[in-house]
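Chain letters run A, B, ... following the sequence lines, proteins first, then strands; residues in each count from 1. Everything numeric in this text was worked out from a predicted model, so none of it was measured.
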Amino acid sequence: MLAELWSNPAVQTLTWALVKVLIILHAMLGVVSYLIFAERKICGHIQARVGPNRVGPFGLLQPIADVLKLLFKEEFIPAGANKVVFHIAPILAVFPAIVTFSVIPMGPPPMFVVTDINVGLLLFLAMSSLGVYGITLGGWASNNKYALLGGLRSSAQMISYELAMGLSTIPVLLASSTMSLVGIVQAQAGAYKVGTIAGFDLFLPNWGIFHWYLVLPFVIFLITAFAETNRAPFDLPEAEGELVAGFHTEYSSMKWALFFLGEYMNMLVISAIAITLFLGGYHGPGLGIGGGGFWDPGPAWMGLVWFMVKLGAFMFFFIWVRWTYPRLRYDQLMNFGWKVLLPAAIVNVLLAGVWIFLKGPRA
Amino acid sequence: MIPLFLGFAAMLVITSLMVVLHKNPVTSALFLVLSFSSLAGIYLLLHAEFLGMVQIVVYAGAIMVLFLFVIMYLNLQHDVETGVQIAVRRGIGWLAGAVLLLAGATLLRRGWALGPANEMLPDEASGNVAAIGKVLYSRYLFPFEITSILLLVAMIGVIIIAKGRARSAGETT
Amino acid sequence: MIPLNWLIALSAIVFCIGVVGVLVRRNALVIFMSVELMLNAANLAFVSFASHMKSLDGQVFVFFVMTVAAAEVAIGLAIIVHLFRLRETVFVDEIHLLKG
């Protein structure tokens, strides 16, 4: 009976997709908890001190201690809070980020991507639009002035920067002529000739940022990524010391942990998307492994390795920026989003469109 | 495919009902977000992927956020709905909805037309007016009657608005 | 292939629920939400016809309907906010200055 169920190709695809989803979910949850630990270590070193190093060798068991502490904390719901919304707000904060992972290619398809829908980029934009709800509803449902202020500030910030983010991905679309993320990565394969210096041909990988018209969109995307994930220097909604604790003032124990997890998951997902759109996704030199030249793409799992390396670099960049720059004030933030980033993104769409029309996407 | 569609359809109908029935406007708005998402799911099943995603981006992600902003800004509490007048109006509202649904069900059963389909035009001898009359009163009877109700409503509205104020204008604010 | 009758019946049901919402509720915001429900029911009808007649005209029209609905919601909510500032209420039966 199992054999004839397995012979149905739909059942096969579904089972493989479920297996991949489970793997990604567990892996990402593990990565996120150690990401929090990495942040504290790096923050410590930036501030000329050592981060947590008591629990376990080099403090490596710190996340486990944190999780145990959070599990045992008392969980209370403020009086007058809307109970249903209070409970589902943290879930809403985490869910869009996890859903986006299903369309990101972490290695050469078809094995390393859960599903390849032909509007993958639009799914990412849709999920980032849904990400506004968790924080707004969390702030509102707490029946607390500071939480409400933090929630409303955060949603205003997120919807303002969402526009610039969407517009900054349009040159990528123009260059690769497809909205499917797998297609976008595959359009960044290989290398293209940039010029000749002293008789030597100069090649650059075909990644997004090595085309001049995608450099500014990359910068805009990075800045809006910081704003979308409420990370410094755009973290006024959760500003410690300014708004008590912002939108998660009234949340304790696992619900707060879910918000925190959601923020780091969002960070991971936006970095993954930035890598997919601008940094060539899973492409990288095969380093001669598995036969073939140094620059030829190696076996399929090398793609996964390169993706993880780039993701790690991005995470380090996120953490680095957080502990280096001061916070933006709210009006400076909104000013920047609407008056600087949005016109820049629009102008870039124009320039990229004209260039691609005249010269084609690989020039 | 069909069970998936039935699931989305059930969720759409149930969440729409909850939008209309629930007293707290914030909960209504959240149920509306859910119904938009199930509608996006139906669009995906109908091979309209772009529209499904745009539905989530525009409706669930932007329009409903606007709604929630306004509801939070106005600090609306539960709707208080008591009083005989309100109950009467509510009864009439449900009755109107039931009548509309019944009309829709009748049309559905009859294949969306009353009367047989006219495959070819009637012979030239009877003329255009007779031909249109034949079609209008058999196949397209329902839209014809609905149009007459529409005109009646417009007439009543015009009469009321044009009548002017019967009492003197006392309230000025 | 999902039968066209079912899709149109679903669209009709959601439309009727929207109509009931507009007639029954007093809160202007909920009435507005019911209007959005009606618009979406019409969108569903468009998309189901587009999928059954294998033509994309229905989907293009839905695109424009969504744009117009977004603009309409923005302006309508601005009007409601302004009305709230003047009248301190969002209940439509308490705003009867123009009543004859």
Chemist: Looking only at non-hydrogen atoms, find the nearest pair between A:S129 and B:G61 and report the distance.
Modeler: CB-CA, 3.9 Å
Chemist: Against chain A, work out which of B:L44, B:V33, B:V58 has the most heavy-atom pairs shorter than 4.5 Å and name it.
Modeler: B:V33
Chemist: With a 4.5 angstrom heavy-atom cut-off, which part of B:F69 approaches chain A: side chain, backbone, both or neither?
Modeler: side chain
Chemist: Are any non-hydrogen side-chain atoms of B:E49 and A:I117 less than 4.5 angstrom apart?
Modeler: no
Chemist: If you define the side chain from C-beta out and look only at heavy atoms, does anything of B:L68 sit under 4.5 Å from A:W140?
Modeler: no
Chemist: Quick check: do A:L137 and B:L30 have side-chain heavy atoms less than 4.5 Å from each other?
Modeler: yes
Chemist: Please name the pair of heavy atoms, one in B:V65 and one in A:Y133, separated by the smallest distance, quoted to 0.1 Å.
Modeler: N-OH, 3.5 Å
Chemist: Counting heavy-atom pairs under 4.5 Å with chain B, which one of A:I88, A:V85, A:N118 comes out on top?
Modeler: A:N118
Chemist: For chain A, which candidate among B:V26, B:V54, B:N24 shows the most heavy-atom pairs at distances under 4.5 Å?
Modeler: B:V26
Chemist: Could you tell me the separation between the CG atom of A:L122 and the CD1 atom of B:I56, rounded to the nearest 0.5 Å?
Modeler: 9.5 Å
Chemist: B:V57 and A:A126: which non-hydrogen atoms are nearest, and at how many Å?
Modeler: CG2-CA, 3.4 Å
